[in-house]
Amino acid sequence: MSTAAPRTAGPDHLWSVDEHLDDILATVRPLEPIELHLLDAQGCVLVEDVTVPVSLPPFDNSSMDGYAVRVADVAGASEQYPAALEVVGDVAAGQADLLHVGPGQAARIMTGAPLPPGAETVVPVEWTDGGLGEGPVTGMRAGSLDPGGATGQVRVHRPAEARAHVRAKGSDVKAGDRALAAGTVLGPPQISLLAAIGRGTVRVRPRPRVVVLSTGSELVQPDEELRSGQIYDSNSFALTAAARDAGAIAYRVGAVADDATTLRDTIEDQLVRADLMVTTGGVSVGAYDVVKEALSYAADEDEPGSGVEFRKLAMQPGKPQGFGSIGPDHTPLLALPGNPVSSYVSFELFVRPAIRTLMGLTDVHRPRARAKLTADRPLTSPRGRRQFLRARYTDGTVTPVGGAGSHLVAALAQADALIVVPEDAETVAPGTEVEVVLLG
C-alpha cells in the first residue's frame with residue numbers, strides 16, 4: 001500500500017532516476033504479516049526470529065547401516081583375525097524400545113536409528129561378513145527376506161574408534177539456538193529446517209500480488225495471426241515473469257485497447273487482487289497515450305494522497321514514467337513506457353525495488369559491480385541523462401550488446417547486465433571502469 005503522495009513539480013521538470021526511485025520507496029510500505037503453512041510460506045520473508053524447540057538430531061543416531069558395538073570388542077580386528085560378536089537384534093529407525101549391547105555383543109543398526117545403550121560406536125556393514133561367515137559384504141539383505149540376520153554371529157574385520165559413524169544429539173542445532181533470523185527469505189533449505197524442528201506454520205510477510213497490464217490497440221496475443229499494423233504483446237509476458245522472478249505472485253492481464261474508459265474499468269476490476277499495479281505503454285505525449293489520459297485525474301477527493309503523476313526522467317531508455325496510488329486502499333501503481341526495452345529497464349530500476357519493499361526486504365536492489373568496458377568504439381550518451389545499456393558481464397569486464405538503441409529486444413535477451421552511464425558523461429572510452437547492474 002501507498003502511504004503518502006509523491007512530491008510534485010512542473011510539467012517540464014526533468015526528474016533524476018534517484019529522485020523518482022526515492023519517491024517510490026518512500027510511498028510503498030511492507031505488507032502486513034500473516035501466519036502461513038510452510039509450503040505456502042515459500043518465497044516469503046520471516047518477520048521474527050525462529051528458535052529451536054528441540055535439538056536436532058534429538059538423539060544420538062547412526063549415520064551408517066551396520067552394527068552398534070563396544071570399542072574394546074573390535075580393537076585389533078582384521079580380515080585375518082576378525083572379531084566375532086553375538087548379534088542380539090535389530091535397531092531400526094523409529095524404534096522406541098532399544099536393545100542393550102553388552103560385552104561381546106552387537107546390534108544390527110540402520111541409518112538414522114538411535115544408538116542403543118551400551119554401544120559406543122558403529123561399524124559399517126561393509127566392514128563385516130554380514131553374519132554369513134564369509135568375507136566382507138556390500139550390504140544387508142532385507143529383513144523380511146532374512147529374519148535370521150538379526151541373530152547369530154557377525155565377524156567384524158576392522159576396528160572403530162569411539163563415536164565413529166554416530167551423529168551426536170544436537171550436532172545440527174541445539175534447543176534454544178536461533179534457527180532462522182527475521183528477514184530471511186524462505187527457500188527449500190529453510191522450509192526443510194522449519195519442518196525438521198517441528199514448525200508447521202510461520203509468521204511472514206506474504207508475497208505481494210502484482211497485476212501487470214499492457215495497453216495498445218496494436219497488440220495481439222502470441223499464437224494469433226498478425227494483421228497490418230499489429231505486433232505481438234511481449235511486455236505483459238516479460239514484466240509478469242520479471243515480477244515472479246523478483247518474488248511476487250504476478251497476474252498477467254491481456255492487452256487493453258487504447259480507450260480510457262475501458263482501461264479505467266479494467267484497472268478497477270483488477271484492484272481486488274493487487275498489492276501493486278504495473279501498466280506498460282501509453283505514458284508519453286501522444287494523442288493516444290491512454291494510460292496518461294485515464295489516470296492523470298484518478299485522484300479521489302476523499303482520499304488524500306491518491307492519484308498518479310506522470311513525469312519525465314533524465315534517463316535513457318525510459319524517459320516517460322508514472323507513479324502514484326489508486327483506489328480506496330491506495331494501491332501503488334507504476335506506469336512504464338511501452339517500448340519493450342524501456343519497460344524492462346524501468347522494471348529493474350523501479351518496480352523490482354518496490355516489490356522487494358512490499359516483501360519486507362531491506363536490500364531491495366540488484367547487486368552492482370565495477371567492470372572494465374570492452375568495446376570496439378566509445379560509448380556515447382546524451383549529456384544530462386543517465387543511460388542504461390544492455391551488456392554481457394564476465395570476470396570483471398563488461399561488453400555492450402546490440403548498440404545503444406532502446407528498441408533492440410533481441411539484445412536484451414542476450415544481456416545479463418546493464419551498464420550505467422553517468423549523467424555527466426558524453427562518451428565512455430573502452431578500458432574505462434564503469435558501474436554495472438547485474439541482472440543474473
Side-chain angles (χ1 to χ4, degrees), residues 1 3 25 28-65 68 91-98 109-122 161-210 243-250 275-276 352-367:
M1 289 186 179
T3 59
L25 297 185
V28 174
R29 70 167 183 264
L31 299 176
E32 291 297 320
I34 59 175
E35 191 84 11
L36 290 178
H37 291 284
L38 291 188
L39 292 180
D40 295 331
Q42 183 174 356
C44 297
V45 178
L46 276 177
V47 298
E48 58 191 8
D49 290 349
V50 174
T51 56
V52 180
V54 60
S55 295
L56 190 67
F59 47 81
D60 291 350
N61 69 89
S62 176
S63 65
M64 303 285 287
D65 295 320
V91 183
Q95 186 171 323
D97 298 327
L98 299 182
I109 192 168
M110 314 306 154
T111 301
L115 188 70
E120 299 168 331
T121 190
V122 173
E161 297 179 354
R163 310 288 293 179
H165 309 114
V166 174
R167 287 188 292 242
K169 175 181 178 180
S171 58
D172 195 348
V173 290
K174 294 181 174 60
D177 285 351
R178 185 173 69 176
L180 295 171
T184 300
V185 180
L186 299 182
Q190 292 77 28
I191 297 292
S192 173
L193 175 57
L194 289 167
I197 63 174
R199 288 290 295 264
T201 63
V202 66
R203 191 164 176 78
V204 297
R205 296 192 191 277
R207 294 167 62 195
R209 301 164 302 161
V210 177
R244 291 175 180 176
D245 182 69
I249 299 171
D275 298 307
L276 174 68
R352 192 176 195 275
I355 290 173
R356 308 286 281 180
T357 299
L358 288 168
M359 293 175 66
L361 292 167
T362 54
D363 185 5
V364 300
H365 302 287
R366 289 280 197 186

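All residue numbers refer to positions in the sequence shown, counting from 1.
- Ion pairing of Asp363 with Arg352 is absent here, as no side-chain N (NZ or NE/NH1/NH2) approaches a carboxylate O to less than 4.0 Å.
- Taken to the nearest 0.5 Å, the CD atom of Gln190 stands 6.5 Å off from the OG1 atom of Thr184.
- With values rounded to the nearest 0.5 angstrom, Ser171 atom OG is found 7.5 Å from Asn61 atom CG.
- Atoms CG and CZ, from Leu115 and Arg167 in turn, are 12.0 Å apart once rounded to the nearest 0.5 Å.
- The distance from atom SG of Cys44 to atom CZ of Arg205, rounded to the nearest 0.5 Å, is 11.5 Å.
- The heavy-atom pair separating Ile34 from Pro206 by the smallest distance is CD1-CB, 3.8 Å.
- The side-chain heavy atoms of Thr111 and Ser63, taken from C-beta on, include no pair separated by under 4.5 Å.
- Between Arg163 and Asp60 there is a salt bridge, since a side-chain N of the basic residue sits under 4.0 Å from a carboxylate O of the acidic one.
- In this structure, Leu358 and Leu276 have side chains that are in contact, with non-hydrogen atoms separated by less than 4.5 Å.
- For residues 30-64, no residue pair satisfies the ring-ring contact (aromatic ring centres under 6.0 Å, His included) rule, not counting sequence neighbours.
- With contacts defined as side-chain heavy-atom distances shorter than 4.5 Å, the pair Ile249/Val210 does not qualify.
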Which pairs of donor and acceptor atoms, one on a side chain in residues 47-55, lie under 3.5 Å apart (sequence neighbours left out)?
residue, atom, partner, partner atom, Å
Asp49, OD1, Ala182, N, 2.8
Ser55, OG, Ala175, N, 3.1

